[in-house]
Amino acid sequence: MTTLTAPTRSPAYLKQALYAGVLLTLVATLAPLIDLATADTIGEHVRSAYPGWSADDVAKDRMAITGYLVGVGVLGLAGWLWTIVAVARGKRGARAVGTTLFLVGATVQLLSLSVGGEAYTTIVPTLHGVIGFLPSLAGLVAVIGLWRKGR
């Protein structure tokens with residue numbers, strides 16, 4: 001495991017923001033899997049949008065939405081870990097890549113919160129969209145920390 005020591009020119013909160021982003025992304029990645037095994041709100045979301053669908057069709061769409069959410073989460077975790085390592089090693093591109101990853105991640109999550117389709121108001125259930133957006137808040141703090149000089 002890489003120990004993160006923020007460069008002297010980075011604010012002290014950068015490290016906490018990066019680790020918070022990892023934690024929130026992990027929660028957002030696991031939430032649909034836990035939901036699938038327990039409450040099945042994603043399945044209920046599909047059933048309410050398409051009440052005439054067979055159980056097999058509902059299961060396919062539920063798995064597609066769950067797979068999308070988990071896939072986005074795994075990619076997000078990779079981005080956070082890359083940024084942590086880049087900051088710890090003092091890489092010159094950490095600012096640019098960290099900012100780009102934030103913009104891409106926030107855009108994907110905003111789309112997840114807003115894109116609908118056919119009978120769906122939003123394809124991703126609102127609860128999961130909000131949970132998925134939380135890492136972007138940590139990302140905003142991290143990007144500010146990447147560009148500000150420490151005191």
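We use all heavy atoms of the structure for the numbers below, so side chains are in, but hydrogens, waters and symmetry mates are not. Nothing fancy with the numbering, it's 1 onward along the sequence.
- Two residues are said to be in side-chain contact when any heavy atoms from C-beta on lie closer than 4.5 Å; Pro32 and Tyr68 fail this criterion.
- At least one side-chain heavy atom of Ile144 sits less than 4.5 Å from a side-chain heavy atom of Tyr13.
- The shortest heavy-atom contact between Gly129 and Leu113 is C-CD2, 3.4 Å.
- Residues Gly43 and Val58 come closest through the heavy atom pair O-CG1, 3.9 Å.
- Follow the hydrophobic side-chain contacts under 4.5 Å out from Val104 and you never reach Phe102; the two are in separate clusters.
- To the nearest 0.5 Å, atom CD1 of residue Ile34 and atom OG1 of residue Thr66 are 12.0 Å apart.
- Contact annotation: the side chain of Leu36 never approaches that of Ile42 to less than 4.5 Å [non-hydrogen atoms, C-beta and beyond].
- Leu81 CG to Leu18 CG: the interatomic distance, rounded to the nearest 0.5 Å, is 10.0 Å.
- Atom CG of residue Leu137 and atom CZ of residue Phe133 lie 5.5 Å apart, to the nearest 0.5 angstrom.
- Among residue pairs with one or both ends in residues 19-43, those qualifying as salt bridge (Lys or Arg N to Asp or Glu O under 4.0 Å) are Asp40-Arg47, Asp40-Arg62; sequence neighbours excluded.
- Scanning for ring pair (Phe, Tyr, Trp, His ring centres under 6.0 Å) contacts around Trp147 gives an empty result, with sequence neighbours left out.
- Gly21 and Pro135 get closest at one heavy-atom pair: O-CB, 4.2 Å.
- Rounding to the nearest 0.5 angstrom, the gap separating the CD atom in Gln109 from the CG atom in Leu111 is 9.0 Å.
- Closest of all the heavy-atom pairs between Ile65 and Pro125 is CG2-CD, 4.2 Å.
- Hydrophobic clustering, with ILVMFWY side chains joined whenever heavy atoms are under 4.5 angstrom apart, keeps Val46 apart from Val70.
- By the criterion of side-chain heavy atoms lying less than 4.5 angstrom apart, applied directly or through intervening Ile, Leu, Val, Met, Phe, Trp or Tyr residues, Leu26 is grouped together with Tyr19 in one hydrophobic cluster.
- Rounded to the nearest 0.5 angstrom, Leu69 CG and Leu30 CG are separated by 12.0 Å.
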What side-chain donor-acceptor pairs closer than 3.5 Å can you find for residues 117-124, not counting sequence neighbours?
unit_1: Glu118; atom_1: OE1; unit_2: Tyr50; atom_2: OH; d: 3.4
unit_1: Tyr120; atom_1: OH; unit_2: Asp61; atom_2: OD2; d: 2.2
unit_1: Thr122; atom_1: OG1; unit_2: Val124; atom_2: O; d: 2.9

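- Leu101 has its side chain out of reach of Trp80: every pair of non-hydrogen atoms, C-beta onward, lies at least 4.5 Å apart.
- Closest approach of Gly132 to Ala28, counting heavy atoms only: CA-CB, 3.9 Å.
- Looking at Arg148 and Leu14, their side chains never come closer than 4.5 Å, going by heavy atoms from C-beta outward.
- The hydrophobic clustering, which links ILVMFWY residues whose side-chain heavy atoms are closer than 4.5 Å, places Leu140 and Val87 together.
- In terms of heavy-atom proximity, Ala17 sits nearest to Val141 at CB-CG1, 3.7 Å.
- The hydrophobic clustering, which links ILVMFWY residues whose side-chain heavy atoms are closer than 4.5 Å, places Ile131 and Val108 apart.
- Using a 4.5 Å heavy-atom cutoff, the side chains of His128 and Thr41 are in contact.
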